[in-house]
Structures are given as structure tokens and as C-alpha cells.
Amino acid sequence: MIEIEGVSFAHRGTPVLRDVTVSLPKGGLTALIGPNGAGKSTLLSLVARLQPLQSGRIAVDGMPVDRTPGRLLARSLTIMRQDTGPVGRLTVRELVGFGRFPHSRGRQTAEDHRHIDASLERFDLGDLAARGLDTLSGGQRQRAFVAMAFCQGTDYLLLDEPLNNLDPMYGRQMMRHLRDVVDGGQRTVVIVLHDINYAAAYADRILAMKDGRILADGTPAEVLTPDRLEALFGYRMEVREFEGRVHVLHHGP
Amino acid sequence: MTRAGAAGVLVLVALCGASLATGVADLSAGGAESVDTLLISRLPRTLAVVLVGAGLAVAGLVMQTLARNRFVDPGIAGTEQSAALGILLATLLWPAAPLPATMLAATLAALAGSGVFLALAQRLPPTEPHLMPLFGLIYGGVITAGVTFVAWHMDLLQYLDIWLNGDFSGVLRGRYELLWAIAAMVGLAWWLADALTIASLGREVGTGLGLDYDRMLRLGLLIVAMVSALTVVVVGLIPFVGLIVPNLVSRLRGDNLRGTLPWVALGGAALTLACDVLGRVLRYPYEIPVGTTLGVVGAAGFLALLARELRHG
Ligand SMILES: Nc1ncnc2c1ncn2[C@@H]1O[C@H](COP(=O)(O)OP(=O)(O)OP(=O)(O)O)[C@@H](O)[C@H]1O
Ligand SMILES: [Mg+2]
């Protein structure tokens with residue numbers, strides 16, 4: 001369980017998160033949606049102790065993130081950031097292999113190699129495994145970073161806009177893989193999405209954020225209503241139900 | 001070992017042979033005197049060059065990894081200059097200081113110098129990678145100016161050249177053994193290779209993978225400072241090895257330190273040996289200090305690297 005309690009955060013005096021309290025039980029796929037600058041990435045980075053907490057408390061499976069050794073936390077929680085940043089001349093396989101670092105500290109075992117192979121396979125990177133990251137397309141690179149997060153084999157996966165740059169086929173494939181790992185066990189996925197329909201189709205729960213607050217929290221059908229969406233994004237969208245799932249028609253004139 | 005690896009080792013062995021065979025004294029006569037020359041002078045010199053060359057190249061690699069910039073090294077970004085400053089201050093405050101005390105002063109100064117450099121360099125915009133070597137050059141230049149000023153004021157200018165221009169001609173048995181500590185630093189870098197590669201992906205990725213980034217930074221700085229201080233104390237400042245070699249290796253073999261570190265060490269040893277032997281034969285029987293030959297070879301190589309990188313965006 002991820003417990004977030006009374007978390008506020010400010011960048012040089014500008015508030016970014018305002019007293020956020022939410023808990024995410026183990027299991028399930030939670031989508032985080034909201035306009036640019038809502039504070040989604042900040043919230044995930046605090047859970048993953050990439051920035052120091054300013055106020056409030058966050059615990060993962062009872063481990064307070066600011067007082068638990070990094071190595072221990074890295075075995076139960078992984079984060080893929082929105083901005084993956086520059087990487088040197090590394091191959092896809094090398095990068096994915098770094099996902100095993102919390103377990104092997106670099107001395108990879110046969111089990112590590114199995115994880116790496118499985119991750120490469122799952123994200124369709126087998127043919128690209130020996131390629132340098134600097135030679136890949138944006139979407140291929142994105143898949144390599146998600147594969148690294150996967151390879152870490154943690155109970156909790158925090159993914160910040162992992163669908164960036166992906167074509168519809170790989171976008172759908174990635175969501176289905178995430179669904180698989182959630183359905184197959186006790187793994188928990190928290191994912192930031194901008195395409196609301198992906199959230200509608202695959203998420204168990206949607207957290208809608210705006211201005212550093214959680215505006216709505218519930219199942220897709222509960223959160224994705226025309227009123228709520230207008231409050232979030234500032235314009236009216238049509239919502240239709242189709243084969244038991246909600247669909248948001250937001251491209252209208 | 002791969003074939004390329006075997007070839008590399010062979011080149012290094014050949015260079016060692018050339019280094020052992022080059023010098024004013026003629027060894028072909030054989031006899032006890034030749035053996036003495038070999039054991040007292042040639043062998044220590046060759047070992048010193050190998051240790052320093054490998055160490056500086058690895059220190060350069062570590063520094064580039066921590067700075068996340070390919071164009072810095074301890075010789076141009078102020079670490080070796082800081083070590084010289086440390087020696088100078090030790091000489092001033094305690095003229096009869098034993099070697100370990102001088103060494104400690106040099107190491108502390110090198111730690112401070114490289115720590116300040118990294119802290120300041122982190123404020124440079126990551127979108128302008130070429131600012132960092134420029135900043136490094138200026139930073140190193142300012143420290144050198146400080147060293148020169150103090151030395152001039154205290155009438156110590158005659159020592160300055162010894163510290164600031166690396167030269168292996170004074171290496172004899174009994175006067176270089178401190179350099180073996182460089183081997184330990186290279187070993188430490190090898191032990192940290194995976195963690196260092198992860199650190200090169202940035203603080204956030206490292207933290208996400210459970211790396212204690214600050215500890216990594218401290219250990220990396222220790223490697224850079226120790227190698228620089230040992231080098232400057234024993235043979236004087238040697239430029240460019242830490243810059244040229246890791247860049248070449250990165251181009252040929254990538255950036256996974258677990259795989260590239262042995263190449264960097266080997267390449268550094270080979271380049272420094274080649275330049276040292278060159279300096280001994282060019283104006284035979286006189287010597288050109290290795291700091292000078294490497295300065296010329298290295299500056300040309302550095303400019304070529306910068307030009308290439310600029311052209312490729
Ligand atoms: N390093 C920083 N310095 C100053 N302000 C920052 C910094 N990082 C984020 N912010 C601000 O914090 C707010 C929240 O940013 P955050 O990245 O969490 O938003 P987000 O919901 O992930 O947005 P997006 O959908 O664009 O990714 C924004 O207003 C942003 O400008
Ligand atoms: Mg974001």
C-alpha cells in the first residue's frame with residue numbers, strides 16, 4: 001500500500017502540491033490525469049523519494065520513503081520519469097540490465113539474465129537489444145526505459161507518461177502488458193496518462209489532479225463525467241458509454 | 001580475452017619494451033652495471049609511467065561520469081592544479097615536511113578543488129555541454145595563477161616548473177613507490193564500475209535504482225583527487241590523458257564502464273608511455289618532459305574531439 005498523508009510541496013515558494021492525502025492499496029492500475037502543471041510528476045517523484053519531502057508523510061508498504069535505505073525501497077518500488085534525460089553510449093540490453101541493479105549490484109546472475117530477456121521480449125525489443133540508445137527512435141527509446149523499469153521487478157511501478165512517442169499499436173500493447181502484470185498478481189501500477197481514453201479503457205481507478213489538489217478519485221465511470229472533465233480541463237467534452245466502458249469524445253470542434 | 005584485448009596488451013608490452021630500452025646508458029654491453037641501470041632507473045620509470053597513465057585516464061573517466069560531460073579531466077579542470085597548490089602551501093608552512101604530509105596536503109587540496117569544480121559545474125545549463133570545458137579551463141587557469149603568484153611572492157618559482165610540468169626523468173627506485181596507490185584507486189573504480197555507469201544517467205535514475213548518489217560522488221571524487229595528487233607529488237602535472245583516452249574508448253566501445261574501464265586504463269598507459277618514449281628520442285640525448293609532448297599531442301587531440309562533436313551537433 002502507498003500511503004500519502006498531508007503532503008504539500010512548493011518550488012521556491014510557489015505551491016505545487018496542496019495537502020494531498022490519498023492511499024493506494026496493493027494491486028490495481030491507477031491512472032493519474034490532469035492538466036499540464038497539475039503536480040502529477042511532482043507527486044510521483046516524492047513517492048519515489050527523488051525529491052525530499054517538505055511536509056506530510058509518504059510510506060510504501062509501511063516503509064517511510066524518507067527514512068528507508070534507498071536500496072531497500074528500490075526492490076519494492078520503481079519509477080520511470082517523464083523526462084528520461086540524456087544517456088551515453090549504452091545498448092538497450094545494458095540499459096534494461098540496470099533495472100537489476102537493486103538486486104545484483106552489478107554482478108548479474110542467471111536469474112537477472114532471465115528477467116532481462118523477459119523484459120526485452122515483452123516490449124518487443126529483442127531485435128534492438130544490441131543497438132545503441134542514441135540510435136533509436138523516440139518510441140523505441142521510450143519502450144527501452146519502460147522495459148528497464150519492468151526489469152526491476154518491483155511490486156509498485158510508477159510510470160510518468162510512458163505512452164509518450166508510442167504509436168497506437170505499441171500504446172495499446174503497453175497498456176495490455178500493464179493490465180497483465182496487475183491482473184496476474186499483487187503488482188500495483190500508477191501511471192500518468194494524458195489520453196483520457198486509455199485511462200477509461202484500462203484503469204481500475206482514476207485520480208484527477210488540478211492545481212496541486214486531487215479533484216476527483218474513483219472508477220472511470222465515476223470520474224469521467226462531463227462536469228468533472230470541464231472542471232479539470234476547462235472545456236466541455238461529450239462522454240459516451242460503449243460496451244460497458246466510458247469513452248470521452250474530446251476532439252470535437 | 002578477446003582478440004582486440006590481446007592486441008591492446010601486446011601494444012602495451014611492446015611500448016614497455018621500448019621504454020626499457022631507451023635511454024642514455026647503453027644496455028647492450030650487459031653485465032652488472034646494465035642490470036643496475038635497468039632495475040634502478042628504467043624499470044621504475046616504466047612502471048611509474050604505466051601507473052600514472054592508467055590512473056589519469058581512469059580519473060578522467062570518473063570525472064566525466066560524475067560531471068556528465070565528456071570534456072573535463074583532472075588536468076584541465078583544476079584538480080591537478082589544486083594538488084600543486086596543496087604542495088606549495090605544505091612547502092610554505094612546513095618546509096621540511098615528509099612526503100606523506102605533502103601527499104596529504106595535495107590530496108586534500110585536490111579534493112577541495114574538484115569538489116568545488118563539480119558543484120559549480122552543476123549550475124551550468126546542461127543544454128550547453130561545451131561551456132563546461134571552457135569553465136574548467138578558466139577555473140584551472142585561476143588556480144594556476146594563484147599558485148604562480150604565491151610561488152613568486154615566496155621566491156619558490158624554481159619549484160613551480162617541477163610541479164606544473166610533468167616529467168618522469170627523476171623517477172628512480174625508492175622515489176616512485178607511492179604511485180602504487182594509484183593501482184588501488186583504479187581497483188576502486190573497477191569495483192564501482194556499475195554504480196558509476198548508473199550515476200552517469202543522473203541523480204534521479206540512480207536514486208530510483210537504489211544508488212546512494214552522494215556516497216558515489218564522494219568515492220568518485222576520492223579517486224580523482226588521489227590519482228591527481230599522487231601524480232603531481234611524484235612527477236608533476238600531466239595534461240590531457242584523462243580527456244583523450246576516455247573519449248576515444250567511448251567512441252569505440254560505448255559507455256558501460258564495466259566493459260570500457262580496462263580499455264581506458266590500458267589506453268592511458270599506452271598513450272603516456274608513447275609520449276614519454278617520444279620525449280626521450282626526439283632530441284636524444286636530451287629529454288623533452290612528458291608534460292610537453294602530451295601537451296602538444298593532447299591539445300591537438302582535444303581540438304579534434306571538440307570539432308568533431310560540434311560538427312555532429
Ligand atoms: N524544478 C522546478 N522549478 C520550479 N517549478 C517547477 C519545477 N518543477 C516543476 N515545477 C512546477 O511545478 C508545477 C507542477 O509540475 P509537475 O511537473 O508536477 O506537473 P505535471 O502535472 O506533471 O505536468 P505535465 O502534465 O506537464 O507533466 C508546475 O507548475 C511546474 O511549473
Ligand atoms: Mg509531468
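Within every chain, numbering begins at 1; the chains are lettered A, B, ... in the order of the sequence lines, protein sequences first and strands thereafter.
Neither the backbone nor the side chain of B:A193 comes within contact range of chain A; no heavy atoms are under 4.5 Å apart. Proximity to chain B is absent for every atom of A:M80, based on heavy atoms less than 4.5 angstrom apart. Only the side chain of A:L95 comes within contact range of chain B, with heavy atoms under 4.5 Å apart.
The one candidate from A:L43, A:V190, A:L24 that meets the side chain to side chain contact (heavy atoms under 4.5 Å, CB included) condition with A:L207 is A:L24.
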Worked verdict on B:I223 versus B:L192 for side-chain contact (heavy atoms from CB on, under 4.5 Å):
CA-CA 11 Å; B:I223 294 173; B:L192 294 173; 4.3 Å; yes
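Note that the CG atom of B:L209 and the CG atom of B:L201 stand 8.0 Å from one another [nearest 0.5 Å].
By the side chain to side chain contact (heavy atoms under 4.5 Å, CB included) test, B:A54 is found to be paired with B:A265, B:A269, residues two or more places apart in sequence or in another chain being considered.
For the pair B:L230 and B:A181, the tightest heavy-atom approach, listed with the atom from each and the gap, is CD1-CB, 3.7 Å.
Note on ring orientation: taking the six-membered ring where Trp is involved, the planes of A:F150 and A:F123 are perpendicular (angle over 60°, cut-offs 30° and 60°).
Most heavy-atom pairs under 4.5 Å with chain B: of the set A:L90, A:L158, A:L73, this distinction falls to A:L90.
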Chain B to chain A donor-acceptor contacts, backbone plus side chain, under 3.5 Å:
residue: B:R68; atom: NH2; partner: A:P86; partner atom: O; Å: 3.2
residue: B:T207; atom: O; partner: A:R49; partner atom: NH1; Å: 3.4
residue: B:T207; atom: O; partner: A:R49; partner atom: NH2; Å: 3.2
residue: B:G208; atom: O; partner: A:Q152; partner atom: NE2; Å: 3.2
residue: B:S250; atom: OG; partner: A:R89; partner atom: NH1; Å: 2.4
residue: B:D255; atom: N; partner: A:R89; partner atom: O; Å: 2.7
residue: B:D255; atom: OD2; partner: A:R89; partner atom: N; Å: 2.6
residue: B:N256; atom: ND2; partner: A:E94; partner atom: OE2; Å: 3.2

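Looking only at distances, no side-chain donor or acceptor of B:E80 sits under 3.5 Å from a matching main-chain atom of B:V232.
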